[in-house]
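To start, the structure itself, in structure tokens.
In what follows, every heavy atom counts, from backbone to side chain, and hydrogens, waters and symmetry copies are set aside.
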Amino acid sequence: MELGLIGLGRMGGNIVRRLLRDGHQCVVYDVSAEAREAVAKDGATAVNSVEALVQTLKGPRAVWVMLPAGEITEKTVAQLGGLLSEGDTVIDGGNTFYRDDVRRTKQLKTRGIDYIDVGTSGGVWGLERGYCMMIGGDKAQVDRLDPIFATLAPGNGDIPRTAGREGRDTRVEQGYMHTGPAGSGHFVKMVHNGIEYGLMQAYAEGFDILRNRNKTTLAEDDRFDLDVADISEVWRRGSVVSSWLLDLCASALARAPELDGFSGFVDDSGEGRWTINAAIEEAVPAEVLSSALYARFRSRQEHTFAERMLSAMRLGFGGHVEGRGAPPKQGEAS
């Protein structure tokens with residue numbers, strides 16, 4: 001298929017490369033000429049403006065926006081709304097606040113333009129691993145663009161099939177799903193990221209407890225000088241707590257057991273806050289996720305080994321550099 005893509009950052013550029021590798025055609029734009037040139041070398045058609053991108057694509061057009069959530073995405077979607085035609089589709093693959101998706105869908109629908117929101121997980125590793133996608137929007141349009149999503153998805157891999165799934169949508173087993181109407185994809189991804197906060201916090205606190213077991217304040221018989229790098233490695237192999245996040249922990253600890261390249265200043269990208277807000281609206285208790293979010297707030301005042309572990313994981317899966325410090329606004333993710 002042919003796809004336009006705006007935003008060639010850490011994930012956008014690799015989304016284009018994965019599509020090109022599978023035979024799709026991509027017309028791309030980014031404000032950075034260097035970013036445009038890099039993907040053009042891999043076979044994409046790079047253009048110098050959003051207008052040129054729309055003019056180059058053949059109808060019905062599909063344009064994927066992969067920009068930071070907030071003002072820049074809002075302006076880009078609005079610009080596309082004025083340039084695209086009836087039957088075209090705008091896809092937002094960033095970390096947009098789901099209520100913004102609902103509003104944009106209604107606005108674009110007045111011009112006959114469809115809107116799809118894609119909660120995209122895979123970080124900087126997506127080119128090789130693929131992207132887990134949670135897709136909201138009109139079913140007919142999601143189905144029309146299925147070849148794009150199928151290429152970007154991780155595929156079955158070596159994960160055993162879950163018993164009892166007979167008769168269900170097999171695309172889910174490939175790593176992508178249609179979650180429902182517009183907004184639902186980003187809502188599911190929002191909660192996914194809230195859970196991610198809790199998982200990361202559990203690993204971070206656990207490794208902090210292990211590392212501090214040789215404190216002189218403890219009775220001598222209670223002290224253990226534990227190798228956290230080796231513990232993380234052994235847990236990766238057959239343990240019930242094994243996961244990709246643990247893989248990232250093991251990699252970071254193998255390189256630097258004290259994680260002294262990190263200060264422990266941990267940003268939050270916005271989705272954790274939105275998840276807690278949703279829990280409050282639904283009167284659903286979310287003690288672990290709330291605590292994980294507040295731990296990130298505290299990390300900006302004092303830093304522990306646990307916070308350095310969180311920083312290491314964020315760098316590992318998403319390329320996030322610690323310490324930007326500006327809290328995200330609602331509808332805006334870092």
Side-chain angles (χ1 to χ4, degrees), residues 9-11 68-70 95 121-125 190-218 223-236 239 241-277 286-329 332-334:
R10 289 189 299 253
M11 291 180 68
N95 282 327
S121 181
V124 295
W125 300 89
M190 174 189 80
V191 177
H192 163 285
N193 283 24
I195 292 170
E196 181 183 287
Y197 281 32
L199 292 172
M200 291 173 67
Q201 189 65 29
Y203 281 126
E205 292 177 8
F207 282 113
D208 208 2
I209 293 167
L210 292 168
R211 176 180 171 274
N212 282 286
R213 198 57 202 177
N214 64 348
K215 277 189 170 182
T216 56
T217 53
L218 297 172
R223 295 179 210 159
F224 305 116
D225 188 10
L226 300 169
D227 189 322
V228 290
D230 281 357
I231 290 169
S232 64
E233 186 64 30
V234 76
W235 282 355
R236 292 181 61 214
S239 162
V241 298
S242 60
S243 72
W244 185 32
L245 287 173
L246 183 60
D247 295 346
L248 297 173
C249 292
S251 178
L253 290 169
R255 290 193 300 269
E258 291 300 314
L259 303 177
D260 37 22
F262 299 94
S263 72
F265 187 112
V266 186
D267 283 311
D268 68 287
S269 57
E271 296 93 333
R273 301 184 189 207
W274 305 339
T275 302
I276 301 308
N277 288 340
E287 298 96 330
V288 171
L289 305 191
S290 299
S291 295
L293 176 63
Y294 294 146
R296 295 195 177 196
F297 295 165
R298 180 181 50 75
S299 78
R300 298 162 203 173
Q301 301 170 4
E302 54 179 311
H303 310 309
T304 66
F305 184 82
E307 268 90 52
R308 296 202 295 277
M309 190 78 258
L310 289 172
S311 288
M313 282 186 272
R314 292 187 87 238
L315 179 66
F317 68 73
H320 301 292
V321 178
E322 65 178 9
R324 287 199 340 194
K329 301 173 184 176
E332 178 176 306
S334 61

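When every heavy atom of Ala312 is checked against every heavy atom of Ala252, the shortest pair comes out as CB-CB, 3.8 Å. When all heavy atoms of Ala292 and Gln201 are compared, the closest pair comes out as CB-CB, 3.9 Å. The two residues Ser263 and His303 have their closest heavy-atom pair at O-CB, 3.0 Å. For the residue pair Val228 and Leu253, the shortest heavy atom distance occurs at O-CD1, 3.7 Å. The shortest non-hydrogen separation linking Ser242 to Tyr203 is C-OH, 4.2 Å. For the residue pair Ala306 and Ala204, the shortest heavy atom distance occurs at O-CB, 3.3 Å.
Side-chain contact between Leu289 and Ile276 is present, with at least one heavy-atom pair separated by less than 4.5 Å. For the pair Thr275 and Asn193, the minimum side-chain heavy-atom distance is 4.5 Å or more. Using a 4.5 Å cut-off on side-chain heavy atoms (C-beta onward), His192 and Ser121 make contact. Looking at His320 and Asp267, their side chains never come closer than 4.5 Å, going by heavy atoms from C-beta outward.
Residue pairs meeting the salt bridge (charged side-chain N to carboxylate O under 4.0 Å, His left out) criterion with at least one member in residues 252-261, sequence neighbours excluded, are Arg211-Glu258.
Put simply, the side chain of Trp274 never gets that close to the backbone of Gly194: no donor and acceptor are under 3.5 Å apart. No donor-acceptor pair closer than 3.5 Å links the side chain of Ser251 to the backbone N or O of Asp247. Here the side chain of Ser299 pairs a donor or acceptor atom with the backbone of Arg296 at under 3.5 angstrom. Remark: the backbone N or O of Val266 is paired with a side-chain donor or acceptor of Arg300 at under 3.5 angstrom.
Under the side-chain hydrogen bond (donor to acceptor under 3.5 Å, both in side chains) criterion, Asp208 pairs with Asn212, not counting sequence neighbours. Among residues two or more places apart in sequence or in another chain, the side-chain contact (heavy atoms from CB on, under 4.5 Å) test is passed with Ser239 by Trp235, Val241. Listed by chain and number, the residues in a side-chain hydrogen bond (donor to acceptor under 3.5 Å, both in side chains) with Glu307 are Arg298, Thr304 (sequence neighbours excluded). Residues satisfying the salt bridge (Lys or Arg N to Asp or Glu O under 4.0 Å) test with Glu233, not counting sequence neighbours, are Arg236, Arg237. Under the ring-ring contact (aromatic ring centres under 6.0 Å, His included) criterion, Tyr197 pairs with no residue at all, not counting sequence neighbours.
Rounding to the nearest 0.5 Å places CG of Leu259 at 9.5 Å from CE of Met313. One distance of note links CZ of Phe317 with CH2 of Trp244; it measures 7.5 Å at 0.5 Å rounding. If you take CD on Glu205 and OG on Ser291, they are separated by 8.0 Å, rounding to the nearest 0.5 Å. Taken to the nearest 0.5 Å, the CG atom of Leu245 stands 12.5 Å off from the OG atom of Ser232.
Counted within 6.0 Å of CZ on Phe297, heavy atoms from surrounding residues, nucleotides or ligands total more than 12; the atom is thus considered enclosed.
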